[in-house]
S.K.: 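Shown below is the structure under consideration.
All ligand and atom numbering here is 1-based and tracks the order in the structure. Only heavy atoms go into these numbers, but all of them, side chains included; no hydrogens, no water, no symmetry mates.
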Amino acid sequence: MNPLLFCLLLLFQCFFLCKSQLPIPAKIDGFVYRMPSVWGESVVVEAFLDPVCPDSRDSWPPLKQALDYYSGRLSLVVHPFPLPYHSNAFLACRSLHIANKLNSSSVYPLLELFFKTQEKYYNAPTYGMSRASVVADMTKLALTAIGESIGTAFQLGFNDSSTDQAARISFKYGCSRGVAGAPAFFVNGMPLSGSPLDYNKWRSTIDPLLANNKS
Ligand SMILES: *[C@@H]1O[C@H](CO)[C@@H](O)[C@H](O)[C@H]1NC(C)=O
Ligand SMILES: *[C@@H]1O[C@H](CO)[C@@H](O)[C@H](O)[C@H]1NC(C)=O
């Protein structure tokens with residue numbers, strides 16, 4: 001194809017993609033770990049995490065340590081962000097949305113379970129597994145976080161289009177913020193470069209903000 005024509009086609013496509021309206025969810029995406037007690041008085045971190053991504057897993061303990069240290073002055077919202085090259089990431093993110101629907105206090109226990117056992121959901125070990133058996137396996141995992149009683153409800157959650165929609169919104173939300181990998185962090189709305197972060201980096205990022213935010 002003529003290169004000029006190709007460029008024009010690309011521009012044309014981009015114009016329409018940029019113009020089309022993303023679906024607006026009824027509720028803003030994300031699982032609140034800790035809310036700001038008073039708006040503006042705490043530093044707000046948004047974390048984009050993939051439950052089956054090793055870097056996301058490794059970034060979680062130092063972030064939790066920072067949450068402990070700052071207590072009420074640090075707020076956190078986690079957005080699940082399924083990376084397309086992790087074959088089971090979307091199902092894992094959908095699991096979190098199902099958990100949120102059935103028992104919202106089980107979302108973080110389930111996320112931590114994913115971090116603990118994520119190796120078995122990597123691409124290679126699941127290469128020969130059907131989608132149905134991955135779903136069955138994730139359901140079993142979720143039951144240990146949510147309680148045995150909701151076993152069938154959890155499995156049905158994978159047939160519930162609203163949880164599919166919610167996981168898609170999570171992905172689109174990340175894309176709309178320019179997220180291209182996990183983990184990705186935003187502090188008071190601004191993207192942090194150099195993730196994943198260790199605890200000292202969290203301290204050196206947040207300490208000066210809080211010092212400037214004394215009322
Ligand atoms: C919801 O999940 C939490 C955290 O795993 C658990 O402690 C609690 O018992 C669950 N609630 C119900 C009603 O199952
Ligand atoms: C869920 O959907 C799959 C595929 O559409 C179907 O095979 C399965 O029977 C459904 N499960 C339930 C419990 O409805």
S.K.: Centre-to-centre under 6.0 Å for F81 and Y173, is that the case here?
M.R.: no
S.K.: Between N103, T144, I150, which one has a non-hydrogen atom sitting closest to atom 6 (C) of ligand 1?
M.R.: N103
S.K.: Heavy atoms of the protein only: does one fall short of 4.0 Å from atom 11 (N) of ligand 2?
M.R.: yes
S.K.: Does atom NZ of K140 have more than 12 heavy-atom neighbours, drawn from other residues, nucleotides or ligands, at distances under 6.0 Å?
M.R.: no
S.K.: Does S105 have a non-hydrogen atom less than 4.0 Å from ligand 1?
M.R.: yes
S.K.: Could you check whether any side-chain N or O of S71 sits under 3.5 Å from a backbone N or O of D68, counting only pairs where one atom can act as donor and the other as acceptor?
M.R.: no
S.K.: Starting at NZ of K64, measure out to OG of S59 and round the result to the nearest 0.5 Å.
M.R.: 12.0 Å
S.K.: Going by the atom numbers of ligand 1, which of them fall below 4.0 Å from some non-hydrogen atom of S106?
M.R.: 2 (O)
S.K.: Give the ring-plane orientation class for Y33 versus Y108, where under 30° counts as parallel, over 60° as perpendicular and anything between as tilted.
M.R.: perpendicular
S.K.: Treating R57 as the side-chain partner and Q118 as the backbone partner, does any N or O pair qualify as donor plus acceptor under 3.5 Å?
M.R.: no
S.K.: Look at atom 5 (O) of ligand 2 and say which protein heavy atom is nearest, naming residue and atom and giving the distance to 0.1 Å.
M.R.: N159 ND2, 4.7 Å
S.K.: Counting only non-hydrogen atoms of the protein, does one fall under 4.0 Å from atom 14 (O) of ligand 2?
M.R.: yes
S.K.: Show me which atoms of ligand 1 lie under 4.0 Å from any heavy atom of I146.
M.R.: 14 (O)
S.K.: Can an N or O of P109 be found at a distance shorter than 3.5 Å from an N or O of ligand 1?
M.R.: no
